[in-house]
Amino acid sequence: MPRFPRRALARAFTRLTFFRCFFRVFRSFSRPRAMVLLQDVFDDLLVGDCITHASEGHKQRLMSFSVRSRHVKMPTARWDLNSMAPLQLEKAYDPKAVETRWSREWLARGYFHASPEQPGQPYCIVIPPPNVTGSLHVGHALNHSLQDILIRWRRMQGRNTLWLPGTDHAGIATQNVVEKQLMVEGLSRESLGRERFVERVWQWKATSGNTIVNQQKQLGESCDWDRLRFTMDEGLSKAVLEVFVRLYEDGLIYRGERLINWCPRCLTALSDIEVEHEDVKGKLYHIRYPLADDPNSSLIVATTRPETMLGDTAVAVHPDDPRYRHLIGKKVRLPLTTREIPIVGDSILVDLEFGTGAVKITPAHDFNDYEAGERHKLPRLAVLDHIALLDAAGMQRAAVESSVIEMLRGLPVSKARPKVETLLREQGVLEKTEDHKMAVGKCYRCKTVVEPYLSPQWFVDIKPLAEPAIKAVEDGRIRIIPEGWVNNYLGWMRDIKDWCISRQIWWGHQIPAWYCLICNSRQIITTDGRTTILQNAIPIVSKSAPTRCPVCHSQELIRDPDVLDTWFSSALWPFSTLGWPEQTQELKTYYPTSVLVTGLDILFFWVARMIMMGLKFMGDVPFKDVYIHALVRDAEGQKMSKSKGNVIDPLHVMDQFGTDALRFTLASMASPGRDIKLAEERIEGYRNFANKIWNAARFALMYLDGPRTALPPMQRTFPDRWILSRLAHTIRAVTVELESYRFDRAATVLYQFIWHEYCDWYLELIKPVLQTPEHPDGAITRHTLVETLETTMRLMHPFMPFITEEIWQTIPHQGDSIVVQKYPASDEGWSAPDAEQHFALLEQTVGLVRTGRALLNYPPGQQIPFHVGHDAPNRQNQLHELQRHLAHLSRGTADVSPPRDWPTARLLRLVTEGLSVGIIVAEDVDLKKAIDRLAKQLTETDKELHRISGKLKNAEFVSKAPPDVIVEHQERVQTLSRDRALLANSEQQLRAMLAT
RNA sequence: GGGCGGAUAGCUCAGUUGGAAGAGCGCUGCCCUUACAAGGCAGAGGUCACAGGUUCAAUCCCUGUUCCGCCUACCA
């Protein structure tokens with residue numbers, strides 16, 4: 001390409017771009033500033049091609065500007081025409097600066113600090129404590145946003161509000177994290193020793209523990225941070241001791257050897273609900289057990305875990321099974337061992353229909369077998385050790401053949417199973433294998449396969465605690481919202497099993513039990529450095545360490561090494577955080593708390609246990625409402641997980657779109673009983689909403705100069721009366737929805753009001769008044785503008801705290817901060833049904849004119865003359881009253897007159913529900929669109945007429961339907977028929993025009 | 001195996017004491033309109049999963065079916 005044309009082209013393009021750019025900037029600046037810039041610009045242009053002054057980056061920006069500004073979303077920037085660099089954003093809301101400033105300011109002013117002395121009915125929420133070393137994920141963001149909405153709302157309503165924050169110590173999870181760190185350093189918790197290890201965890205807590213708290217503050221959470229609690233704080237630990245000792249003294253805590261869920265990686269017991277079940281493909285092995293007294297006969301058992309057969313201590317058949325009934329009491333020879341085991345009859349364990357009808361019993365490795373073993377007084381032989389490896393000593397005790405022991409010792413289950421399969425096949429006792437679907441339990445923390453493991457543990461006898469907790473929900477002292485979960489809760493509670501509360505880890509509340517080494521010499525065994533305290537050891541349970549044994553007075557005591565399940569301390573959260581066991585003022589004021597907001601996943605882990613403990617130790621429910629919200633999933637409905645890489649980081653989102661946008665998104669999607677599929681586009685949409693609010697406020701500020709006069713609503717202008725009426729309606733709706741925890745509906749109502757009533761219509765309606773200096777209605781309108789905007793900001797504040805504070809501060813207001821203002825209450829004096837009726841007509845008319853304008857391809861800016869008229873005389877009068885607004889909003893000149901008086905030539909008539917609009921058709925207009933539209937409406941009208949008149953012709957309908965429904969149908973037929981006639985007429989005229 | 005929930009516009013979801021189907025996003029057309037292009041205006045788009053039943057009338061109530069989630073459970 002020759003050199004010259006290329007440069008000339010570039011120059012021309014640059015100038016074009018430049019002027020566009022300039023035009024925008026000019027508009028956004030004040031006049032004097034713009035004039036200076038104007039001068040600079042022309043200077044630049046005179047000197048030469050402006051692009052020669054720009055860097056490469058600026059050039060690109062300039063080039064893209066002209067293209068993108070039309071089609072592509074981009075931030076609206078102000079441009080400094082001297083440097084060609086973008087200036088600060090101002091036309092658009094910039095959340096970052098605002099959020100940082102206000103979250104700091106609110107804390108500094110102590111607005112969130114609660115005190116029992118404060119007036120007002122108490123309203124208290126305790127936060128579900130997140131893991132102290134964790135970080136904020138989007139589930140927290142949802143959970144906390146909803147709580148903050150409730151708290152800010154109630155605070156503004158004048159309640160004595162306490163939102164109590166805190167974290168829990170997350171025993172297993174936190175210990176795992178620190179152990180991993182140690183591993184990197186080549187250390188282990190054993191090499192460090194208990195004391196130094198625990199110290200290490202505290203250090204880790206000190207460095208990482210503030211992360212989540214700071215993130216919460218960033219979300220704008222209005223917690224009373226002065227009352228931040230941690231489950232291992234001194235006070236809370238005291239509560240744990242108190243509860244443990246009292247439950248023990250009441251006989252509700254016991255120690256015993258049971259089969260428990262054991263994580264062979266975490267090396268600790270887990271409670272039933274800490275085990276996640278997962279379906280896996282497995283095999284069902286059919287194994288032949290020969291009868292001891294008749295080796296030619298045999299019994300075939302089916303199992304999914306053949307390696308555990310080494311620990312079998314019986315075979316069960318159904319006592320009613322004719323196939324095997326006669327064998328009960330006889331013995332079988334257990335393959336691969338030298339043992340013989342009995343055949344027992346058990347109707348609970350055995351299902352006649354399943355497998356072979358004969359079941360092997362391995363009491364040390366299966367929960368059902370354990371119970372069957374109890375029933376038949378069978379020995380328990382464990383063949384797996386604590387890390388789930390085949391245990392040589394155990395196998396010896398189980399009389400496994402020594403060659404087999406040698407082959408299997410020290411192998412994990414996964415490797416031992418095929419070996420056992422081979423051995424059984426070699427011996428000819430493996431009858432067959434078949435594919436089988438089964439569920440395996442996995443550790444909820446590390447996903448390792450959990451083994452049923454026989455060991456001495458501490459348990460809570462849960463039934464006596466569960467009963468009152470069931471009753472509290474049944475009789476409504478606790479409401480669960482949505483109600484659908486009530487049955488879930490009750491079902492689980494009625495079938496609850498004793499709670500294993502001991503964990504074989506070091507991080508947590510160590511169990512306050514000691515053992516006398518003298519009295520328990522036979523019960524305390526140390527092998528390979530592992531001390532085992534057998535189930536018959538007698539504990540001394542005490543809040544403080546005993547100095548000597550109360551029986552033998554020995555001073556040789558050791559403390560139980562186990563710690564308590566983290567949920568044991570979390571269960572006390574609603575009262576331990578308020579000072580219990582001390583009878584503090586806080587406890588008296590704020591207990592029971594008002595509501596607990598949580599996800600379904602911890603209904604049993606936590607909520608149920610809080611209810612039980614609250615009732616037991618406080619004699620009252622811990623909260624009146626339990627609001628259960630949805631789980632947050634990704635846009636495809638997948639559960640978010642780090643491994644899938646589909647995690648939405650709330651902090652990233654907040655950074656990108658603003659905290660208010662995220663909060664509003666989550667609130668608007670919190671529909672009951674449905675999971676939230678979160679997509680970034682939604683958040684972006686609400687970012688736009690925030691910007692809309694911002695600009696509405698900018699608009700108001702532009703026109704607030706001048707006097708403002710307060711008048712009673714009745715004496716204000718039509719737009720004012722209408723918006724006040726709508727605002728009153730919105731206030732009522734938001735309040736009602738919040739009272740029933742319908743955050744989604746409250747959010748929708750607010751969105752609808754602010755965008756589609758306040759911005760789309762009200763601000764447009766009052767523009768002529770505001771933009772006319774010395775307008776007679778100016779002072780009243782300005783007053784209403786401020787009044788409604790200020791009220792709306794308060795109404796909105798719990799949902800979008802930052803932007804509402806920022807705006808509220810800039811508009812006329814009274815008070816220091818919106819945080820502590822009164823929440824709007826619905827004012828009946830604001831309701832104006834007549835104004836709303838007028839508005840409906842206005843909206844319908846303007847809509848019709850705009851449709852006509854679009855049909856005739858008149859550009860939005862072009863002023864057009866049009867006629868409006870209505871069948872009903874009172875409506876016709878209303879149109880007269882609205883004439884000014886009609887003209888303004890339709891951008892034209894409005895002639896209000898009966899349609900029969902309108903010109904018949906060159907007029908597009910649109911009709912709906914008795915309302916007619918006529919628009920002058922210019923000479924060169926393409927009428928096709930308009931005709932199509934009329935034809936379509938005619939078809940639809942005919943269809944509807946046919947349908948309704950059909951109903952009216954139906955004798956049964958007329959005789960049985962309520963009279964008002966019939967009248968309504970008749971009226972509709974009349975209106976539609978009239979519309980139809982006018983439409984047909986209009987279409988004809990247009991077609992005639994087309995023909996000429 | 002048991003229980004619960006869901007199926008409504010291209011997508012995400014509201015809604016209905018049973019009596020003319022709604023929003024947001026996306027899409028199409030016009031428009032840089034003195035708050036906002038992160039915008040305005042106007043549109044297109046739905047057999048309310050399927051099959052029966054109750055009713056003058058069903059997207060809504062009842063029954064069954066299919067599909068999808070979740071919870072729960074010891075079928076070895």
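Note on naming: letters A, B, ... go to the chains in the order of the sequence lines (proteins, then strands), and numbering restarts at 1 for each one.
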* Asked: Is A:Asp369 touching bases, backbone alone, or none of the nucleic acid, heavy atoms closer than 4.0 Å?
  ->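 No contact.
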[X] vs [N]: side-chain N/O to OP1/OP2 distance below 4.0 Å:
X: A:His277; N: B:rU72; result: no
X: A:Gln656; N: B:rA38; result: no
X: A:Thr851; N: B:rG43; result: yes
X: A:His756; N: B:rG24; result: yes
X: A:Ser671; N: B:rA14; result: yes
X: A:Lys91; N: B:rC36; result: yes
X: A:Trp492; N: B:rC4; result: no
X: A:Tyr93; N: B:rC36; result: no
X: A:Lys936; N: B:rA44; result: yes

* When the C1' atoms of B:rC31 and B:rC48 are considered, how many whole Å apart are they? ->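 36 Å, rounded to whole Å.
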* Asked: With rounding to whole Å, what would you report as the distance between B:rA49 and B:rA7 at their C1' atoms?
  ->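 One C1' to the other, the span is 6 Å.
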* A:Arg742 side-chain proximity, nearest of B:rA38, B:rC36, B:rA14 ->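 It is B:rA14.
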Pairwise N/O distances under 3.5 Å, protein to nucleotides 7-11 of chain B:
none

* Asked: Looking at B:rA14, does its base get a donor-acceptor pair with the side chain of A:Gln752 below 3.5 Å?
  ->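 Absent.
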* Taking N and O atoms by type only, does the side chain of A:Arg850 place a donor or acceptor under 3.5 Å from a partner on the base of B:rA42? ->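 Under the 3.5 Å cut-off, the side chain and the base do not form any donor-acceptor pair.
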* Could you tell me whether the side chain of A:Asp312 and the main chain of A:Lys360 form a donor-acceptor pair under 3.5 Å? =>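 Absent.
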* Flag, side chain of A:Arg288 to backbone of A:Leu299, donor-acceptor distance under 3.5 Å ->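 Checked: no pair found.
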* Asked: A:His969 has an atom NE2; how far is it from atom P of B:rA57, in whole Å?
  ->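 To the nearest whole Å, that distance equals 13 Å.
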* Strand RNA chain B as a dot-bracket string - pairs counted if Watson-Crick or G-U with both distances under 3.5 Å, | where the partner lies in another strand -> (((((((..((((.....[..)))).(((((.......))))).....(((((..]....))))))))))))....
Polar atom pairs between nucleotides 27-30 of chain B and protein, under 3.5 Å, N or O only, would you list them?
none

* Looking only at non-hydrogen atoms, find the nearest pair between A:Cys759 and A:Leu763 and report the distance. =>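 Reported closest heavy-atom pair: O-CB, 3.8 Å.
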Can we call the ring centroids of [X] and [Y] under 6.0 Å apart?
X: A:Trp485; Y: A:Tyr489; answer: no
X: A:Phe605; Y: A:Tyr444; answer: yes
X: A:His969; Y: A:Phe957; answer: yes

